[in-house]
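These numbers come from a predicted model, not from an experiment.
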2 protein chains.
Amino acid sequence: MADAPNGTLPVPPATAAKLTPAEKYQLVTQNLAEVLGGEQMKAILEERDLVAYWGTAPTGRPHLGYFVPLAKLADFLTASVEVKILLADVHAFLDNLKAPIELVEARVDYYRRLITAVFRSLNLPLDKVSFVVGSSYQYTAQYNLDKYKLTSITSEHDARKAGAEVVKQVSSPLLSGLLYPLLQALDEEYLGVDFQFGGVDQRKIFTYAEQYLPKIGYTKRSHLMNLMVPGLSGGKMSSSDPNSKIDFLDPPAVVKSKIQKAVCAPGEVEGNGVLAFIRHVVVPLGELFRGQGRASVRGWVGEGAPEDAVFTVSGNPKFGGEVQHFRTVDELEDAYAKGTVHPGDLKAACIAAINALLAPIQAEFNASAEFQEAERRAYPPEVKAVPAKKKEKKYTPKPEHLMTPEEKARQAEKDAAFAAKHQKAGGLTETEKMREAVVETLSQ
Amino acid sequence: MADAPNGTLPVPPATAAKLTPAEKYQLVTQNLAEVLGGEQMKAILEERDLVAYWGTAPTGRPHLGYFVPLAKLADFLTASVEVKILLADVHAFLDNLKAPIELVEARVDYYRRLITAVFRSLNLPLDKVSFVVGSSYQYTAQYNLDKYKLTSITSEHDARKAGAEVVKQVSSPLLSGLLYPLLQALDEEYLGVDFQFGGVDQRKIFTYAEQYLPKIGYTKRSHLMNLMVPGLSGGKMSSSDPNSKIDFLDPPAVVKSKIQKAVCAPGEVEGNGVLAFIRHVVVPLGELFRGQGRASVRGWVGEGAPEDAVFTVSGNPKFGGEVQHFRTVDELEDAYAKGTVHPGDLKAACIAAINALLAPIQAEFNASAEFQEAERRAYPPEVKAVPAKKKEKKYTPKPEHLMTPEEKARQAEKDAAFAAKHQKAGGLTETEKMREAVVETLSQ
């Protein structure tokens, strides 16, 4: 991978350097659905800058909804927050085997490359951003001891409640889903952060963490929640439903086809997937670009638009349509409700906006054989989500003292391979290993 | 600790050396409530000797009921079975905090000393017996990966069912109780055994293990179950109910008092705690001693008794009672049912038998300051079973890069101490560590 670009904050560097604690707090918490533990963050800001974590489980293909949290990170970075991105491979595995364990490693690699490419497309500075892979510390003795502690004070009922909105709900729930909230709580401690950032669908897991970490002697962390971006079909945007979302690698024709199928009834704003996407993704990213002094890359604001326009819809002149510039999403929605913006024109503008956002990411993908190979390994066309049941081995296990020297050598090789995979730094303490993992930054 | 004695098998060494696979199988499986997977054991015996594990969670004080499985181990050792005794410290912690984690380590030490003393009192050879502490491998990456795999295929319902008879059932069940059966299944693989031995109360956990280990690619193991010894008050003998059981360290006066309170209605055999104890503990141990050529140490068989007597009751001559020798427990029970054995006389004989069994163990305890200190640390009088809720720490966590050199040094010390405690052999692979733990034998 090429070195990460230095990037640009949405405010001038001199301004960023002089922000007061109150201004930083304002930046960090703006445009969110909810903030829990704000006072604690303010107190920390009086002493030092904040450390945050945003986690994602590498299961299905990342979709355009990821633009929302990744764009919000721009505020964090402007406020000098150190941002850790957890690639939660163990969570991915626990969540009802959405990702078979054999594929998770490949998906971690793909997610890391893809998220890095998205950051580059947003031209954000990456020196305070790092990736951490969950398994780099979630198999350590200390983590597991803490997990055992949590299991011994968490009732089945509370665990089920905490995971209700995030863990796939099935008729016969698996134990793995019950453990999910416990891991996510411990991650806050093990990543050493002051707050966790996620969608409002994480709220019950966040309140679980606030309630239970102090019970095992750890500090309660703050929690910041962004709004959920509705899917194009009106419901939740989901990695596992290809019709509800647009993939970062969808070519322009596929984007066009998906948007044309999106829910967008004439005059109806409520439940309109296209308007929701413009509100939650397109316009905020445009504001980021404008703050960076890159207003011109906003492909969705037409030429000749006023300085403060955020979106442009061009009606088809054949039907008497004209070019309309909007200064807020509210203005756009009002016009749509009144029928002065035609659904087909809105969709065309949205298609152009999405393709403009995807172009630099897809250009990076198309230029990198490694990136393409990573994608193929992460989502091989022939692999089903749930692996076939393994055939029971019928061998008679042999204790070590009965092994031949050759068998012992083979076993030692297997052991060493496993140890190398899961304990790359055998001579380090668990904490050192964790730190090693944490400093594995974007630029590497 | 003094070296373990060489001990004596209940058959002559020449006989033991010449046992056929069929004879070994017969010995291993005799006098049990149930055997699952016997054919698999027979197949292994055609190739080599068996490896077994018996586990105990070091929670409450070990009680006289432990004589039953430990005496059964005599059959295993006679049949050249390698026996691993799992001191399941992590299980102890998981089972509803019966043992606070801080005490578990002390209890592991006490259980090890106590069980060793019991083995010595039974004069069993210990060269094929080893202790393994659960945490020596239950915090490793590979074990936890396997545990995650099991949680991802085990439903809450199946986990609850598996633990129903062993895990304390409470109104709001904790997650820890659900994990208990998964750990016990994995232990079979990680201890590298052919069969697990336990009470019939373990049956559902055993069948869980048989069903689920093959699903993650491991061999299904066989399971041997002994009868449960009823408590003196008629119910299950339990470590946590001091009235239902006799402690190995109870002095003669306490033994007398407990037996005198035991359920022993005149003429009633059913639900009679004293008769049950004689049937399940006293007489089988007497048969072991006789097999070892030590018939004379059976304090419960009177002088002048016939060669094949197993129990003697001496009536009080004041009331016209006489000395009665019995050749089987059935004979004793028949006499009791007919009223020819008086409850008071039966109790007196049982008290004498128990004190005879306990005398060598208590002598070892009283002669060892270390053993006494181990007991005090394991069961300090002032410590409650459930620790008070920890007060929430209010400090602001500080990331490493903001630490002073002094703070870094302190943190490094803490990390090293933790690593030393949980990862004694830092440079070894997980499997090597496990093997190290396994070879920590009784004689050390």
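- Rounded to the nearest 0.5 angstrom, B/Asn144 CG and A/Lys147 NZ are separated by 5.0 Å.
- Taken to the nearest 0.5 Å, the OH atom of B/Tyr148 stands 6.0 Å off from the CD atom of A/Gln138.
- Contact between A/Ser152 and B/Ser176 at its shortest, heavy atoms only, is CA-OG, 3.5 Å.
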Problem - Residue pair B/Glu156, A/Leu174: steps toward the side chain to side chain contact (heavy atoms under 4.5 Å, CB included) verdict - result: CA-CA 5 Å; B/Glu156 292 175 38; A/Leu174 298 171; over 6 Å; no
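- In this structure, the portion of B/Leu182 lying under 4.5 Å from any heavy atom of chain A is its side chain and not its backbone.
- The distance from the CG atom of A/Leu179 to the CG atom of B/Leu178 is 9.0 Å, given to the nearest 0.5 Å.
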